[in-house]
Each structure stands twice: as C-alpha cells, then as structure tokens.
Protein chains: 2
Amino acid sequence: MTDLRRGSTQVLVLSLLAEEPMYGYQIAKELEHRSEGYFDFKEGTLYPLLHRMEKEGLVKGEWQVVEKGPSRKYYAITPEGRKTLEKSAAEWTTFSQRLLKILGQEAEPAST
Amino acid sequence: MTDLRRGSTQVLVLSLLAEEPMYGYQIAKELEHRSEGYFDFKEGTLYPLLHRMEKEGLVKGEWQVVEKGPSRKYYAITPEGRKTLEKSAAEWTTFSQRLLKILGQEAEPAST
DNA sequence: CTATGTATATAGATAATCTAGGTATACAGT
DNA sequence: ACTGTATACCTAGATTATCTATATACATAG
C-alpha cells in the first residue's frame, strides 16, 4: 500500500489545511476519520512532511499552549500552499483518470 | 510527477500484458500512445521492473529473434500475474476514489 | 561516418515513506 | 505508587521505486 499512496500525502494534508489550521495529530486523526480508516498516516511520514512544507513556504506553524496536555503546533496554509494545492489536486485528478482509463475501469459497455 | 506514478507502473504493465504478450520497448510505446503521451516510461524503470516481475512469477519472458533489428524479449502474463493484476487494479480504484473524495472532487453542490 | 530508431541492460543517485525508537502530560484502573 | 492508554511532538536509519546516464548492437538514411 505504501507506493500506492506515495506523493499523495502532501496534497491530502494541504486539502485539510485549506479548510482551517490544524495540528499534526489532528491531521492524522481527521484523515483517518474522513476515509473511514483507509488513510493511516504514520508519524514518521507526517511530521517530517510538515517540517518540509514549512521550509518550502506552503504552510506556517505556530505553537499553542493547551491547558491540559502537550502543546500543539498548528499549521496554517499559505497563499503559496493554496497555489500548490490547486495544481497538485488537478494533477492527481488527471493521473487518476488516465490510470483508470488504461486499467479499463471506464465501464464501456462490453463489445460482443 | 514521479511520486504521482509511484507504484502504478506494475499494474499498468500487467494490464497491457493481460491482452497479449509484448516486449519492453513495445510496452513503453503502447502506454505512451494510449495515454496520449501522459505515461512516459523510462528504460531505467521498465526493464528492472520486468526482471523483478519475472523473478516473482508474474510474467514470463521469452527471447525472439527478429529478421531485421535487435532481438526482442516477449513477456507473457502468468496466472499469478492475472491475480495480482485484479487485486492491484481494485486497490488503485479504491485509492483513487478515496483520494478524490478527500480532495473534494466529488462535485457535491455547494451548500449556502 | 554520423545520426536516428529500434531494443535491451545496468550502475548509481534521489527521495518519500516506514519502522522503531524517544520525550512529555493527563487520567483511569489497580 | 504503578501501569496502561490517549494525547502530542520529534528523529535516525532502512527500504525501495524511479530517474539519470551510460553501454551495447543492428538497420537505415543522409
């Protein structure tokens, strides 16, 4: 399953952050919930990704102290992040369509 | 674009070989043609993949001498390859649907 | 004799992800 | 007091599909 998802992590994270700022743990839980358990982000994937995205200017992190429990680092999407999201979402859509076409999932009525 | 396609190469190759045996160069050209240039397999990807798939028993290669030009190694899909193809195609379909759902490509009518 | 197309092959680099570990707080159960 | 579970962050090292670049070899066109 790993290579299936390869490269999709970033666009998924960006799509969530486009709605509202979230912290890492929340992102993982939210994606798991929305996909009914299908997407299951590992910490070793998610946190380095968030750091990389921040370094690239796609998101901006900000620590927030919580009364009870560990502090959270909230990430907000930047204008550049939105641009990247739009572009990536379009690319993934094209890719999916191309792939499914080749795989014959187009559901053309069977000939003969 | 590299990580977009990651892992999809095998299922694409298998889907072609499910139709008829083909040789490496032919597979590359055929996929490029069917996708109108979208899929563009590199040699460094395709040949090692074919060797790996043969080692795993998904395909079986056979050299054929051609009157004019270099010999060709034709690959035929095995029963096990067909099983893998079915499973992989289903996985990719699920993945695509899940991804597009999260990305909001579902085209639900805007609320409000 | 050089370039292009056909056809296969491999060595080395790249990079996203996973595994497996770590730190720390809060709370429930024993 | 101790243990486990949930929350919340972090990173080092290994894995592996893919790409770049290079090599060999035959056929044909210029």
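So you know, we letter chains A, B, ... as the sequences are listed, proteins then strands, and number each from 1.
Straight-line distance from the CD atom of Glu32(B) to the P atom of dG5(C): 12 Å, rounded to whole Å. Distance, Leu46(A) CG to dC10(D) C1': 11 Å, rounded to whole Å. Between Met22(B) atom CE and dT8(C) atom P there is a gap of 13 Å when expressed in whole angstrom units. To the nearest angstrom, P of dA17(D) lies 13 Å from CH2 of Trp92(B). Distance, Trp63(B) CH2 to dA25(D) C1': 11 Å, rounded to whole Å. As rounded to whole Å, 19 Å separates atom P of dA24(C) from atom OH of Tyr25(A). Atom pair Leu50(A):CG and dC9(D):P shows a separation of 9 Å (rounding to whole Å applied). If you measure from atom CZ of Arg52(B) to atom C1' of dA17(D), you get 7 Å, rounded to the nearest angstrom.
With rounding to the nearest 0.5 angstrom, the CZ atom of Phe41(B) is 8.0 Å from the CG atom of Leu49(B).
Note on Lys68(A): a side-chain N or O is less than 4.0 Å away from OP1 or OP2 of dC27(C). Taking 4.0 angstrom as the limit, His51(A) places a side-chain polar atom (N or O) nearer than this to OP1 or OP2 of dT11(D). The phosphate of dC10(D) has neither OP1 nor OP2 within less than 4.0 Å of any side-chain N or O from Tyr47(A). For the OP1/OP2 pair of dT17(C) and a distance below 4.0 Å, the side-chain nitrogens and oxygens of Arg6(B) include no atom meeting the criterion. Phosphate contact (OP1/OP2 of dT17(C), side-chain N/O of Thr9(A), threshold under 4.0 Å): present. Distances shown here put a side-chain N or O of Lys73(B) below 4.0 Å from the OP1 or OP2 atom of dA9(C).
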Check: Leu58(B) and Gln10(B): side chain to side chain contact (heavy atoms under 4.5 Å, CB included), yes or no, with the steps?
Finding: CA-CA 10 Å; Leu58(B) 306 180; Gln10(B) 178 173 302; 3.7 Å; yes

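Under the side chain to side chain contact (heavy atoms under 4.5 Å, CB included) test applied with Tyr75(A), the options Glu62(A), Glu54(A), Met22(A), Met53(A) reduce to a single match, Glu54(A).
Applying the 6.0 Å contact sphere to CD of Glu32(A) captures more than 12 heavy atoms from other residues, nucleotides or ligands.
Base contact: Gly44(B) has a heavy atom under 4.0 Å from a base atom.
Interface remark: the Glu43(A) side chain does form a donor-acceptor pair with the dC9(D) base, using a distance-only criterion of under 3.5 Å.
The side chain of Pro48(B) sits closest to dT10(C) out of dC10(D), dT10(C), dT6(C).
Between Leu49(A) and Gln26(B), the residue whose closest nucleotide on DNA chain C is further toward the 5' end is Gln26(B).
Remark: the backbone N or O of Ser35(B) is paired with a side-chain donor or acceptor of Arg98(A) at under 3.5 angstrom.
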